Amino acid sequence: MELINRVFGIIHVVYGVAIAVAFVLWTTAFPDDLWWIVNILSLIVLLASLGFNFARKTAATAASGDGVTREYLESNVLFYGTIIVLLLFLYNWISILVDGAIEFNEEPVRDAIWVVIDIGLAIISTTTGMNLLRRQSDD
């Protein structure tokens, strides 16, 4: 388990930083074809984050009993934040896959949602990765 935490921790941190850089360079140097690859990788990272954060949340809930501890609060915020970003991501990506062309001037709305997704994904991926690396070093 230690090796899995380390590998996924590094992957999550690197991906979070890469998404942050891609977000900054989005309007200048990022071709649309590359976003398809990024979207597939983002889905994989979000699903992995959901699994890791659910396991952390479950362990924190069991350990906290009736009280609210820092670990309980952090794990719940990260878990539910992951769900929110995953749902926004799936909504926007499936909408693009189904609709194809933008109708009724929806592009500004989709772009605004992508901004939230990219920022949330960078934060969630990096935080999950740092947690996995910290958990690996604590063991």
Side-chain angles (χ1 to χ4, degrees):
M1 192 66 173
E2 183 177 318
L3 180 62
I4 292 172
N5 284 347
R6 180 182 298 212
V7 169
F8 276 98
I10 291 170
I11 289 170
H12 274 81
V13 169
V14 168
Y15 195 75
V17 171
I19 285 294
V21 170
F23 171 71
V24 171
L25 299 177
W26 169 25
T27 57
T28 59
F30 235 72
D32 288 339
D33 292 342
L34 192 53
W35 278 112
W36 287 105
I37 297 168
V38 170
N39 286 340
I40 292 169
L41 292 174
S42 294
L43 180 62
I44 293 168
V45 166
L46 279 169
L47 291 174
S49 294
L50 185 67
F52 287 121
N53 293 331
F54 178 73
R56 179 182 177 198
K57 177 193 170 308
T58 304
T61 301
S64 71
D66 290 334
V68 176
T69 63
R70 179 179 173 163
E71 176 63 20
Y72 175 84
L73 186 61
E74 285 179 4
S75 64
N76 275 276
V77 167
L78 191 57
F79 173 70
Y80 290 111
T82 303
I83 290 174
I84 290 168
V85 172
L86 178 62
L87 290 174
L88 284 171
F89 174 81
L90 289 173
Y91 169 79
N92 232 30
W93 195 33
I94 291 171
S95 176
I96 289 173
L97 292 174
V98 171
D99 290 343
I102 306 297
E103 298 177 10
F104 303 115
N105 202 16
E106 292 176 346
E107 190 167 352
V109 174
R110 284 190 185 162
D111 285 347
I113 293 173
W114 281 121
V115 167
V116 172
I117 292 168
D118 287 342
I119 292 170
L121 181 58
I123 292 169
I124 286 170
S125 182
T126 305
T127 306
T128 301
M130 294 301 290
N131 178 268
L132 287 170
L133 291 172
R134 186 180 71 227
R135 205 177 338 163
Q136 179 268 328
S137 67
D138 288 346
D139 292 340

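Given the structure is predicted, the values throughout are model-derived calculations rather than measurements.
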*Can you name the side-chain hydrogen bond (donor to acceptor under 3.5 Å, both in side chains) partners of T127, sequence neighbours left out?*
none
*Are the side chain of Y15 and the backbone of S125 linked by a donor-acceptor contact shorter than 3.5 Å?*
no
*asked:* To the nearest 0.5 Å, what is the distance between CG on L46 and OG1 on T128?
replied: 9.0 Å
_Inter-residue atom distance F54.CZ - T61.OG1, 0.5 Å rounding_ = 8.5 Å
Under 3.5 Å, which donor-acceptor pairs link side chains of residues 76-90 to any protein atom two or more places apart or in another chain?
{"residue": "N76", "atom": "ND2", "partner": "Y72", "partner atom": "O", "Å": "2.7"}
{"residue": "T82", "atom": "OG1", "partner": "N53", "partner atom": "ND2", "Å": "3.0"}
{"residue": "T82", "atom": "OG1", "partner": "L78", "partner atom": "O", "Å": "2.7"}

*Would you kindly confirm whether I124 and L73 end up in one hydrophobic cluster when ILVMFWY residues are joined by side chain heavy atoms under 4.5 Å apart?*
no
_Side chain to side chain, M130 and V13, heavy atoms closer than 4.5 Å_ = yes
*Quick one: closest heavy-atom pair of L133 and R6, and the distance?*
CD2-O, 3.7 Å
*Tell me, please, which residues at least two apart from A122 pass side-chain contact (heavy atoms from CB on, under 4.5 Å).*
I19, A20
*Working to the nearest 0.5 Å, report the span between CG of N131 and OG of S75.*
9.0 Å
*Residues in salt bridge (charged side-chain N to carboxylate O under 4.0 Å, His left out) contact with E74, at least two apart in sequence or another chain*: R56, R70
_My understanding is that only residues two or more places apart in sequence, or in another chain, count here; which of them pass side-chain contact (heavy atoms from CB on, under 4.5 Å) with V115?_
F23, W26, I119
_I94: which of I96, N92, V98 passes side-chain contact (heavy atoms from CB on, under 4.5 Å)_ = V98
*asked:* With rounding to the nearest 0.5 angstrom, report the CG to CH2 distance, L41 to W36.
replied: 13.5 Å
_Measuring from atom CG of L121 to atom OG of S49, what distance do you get when rounded to the nearest 0.5 angstrom?_
7.5 Å
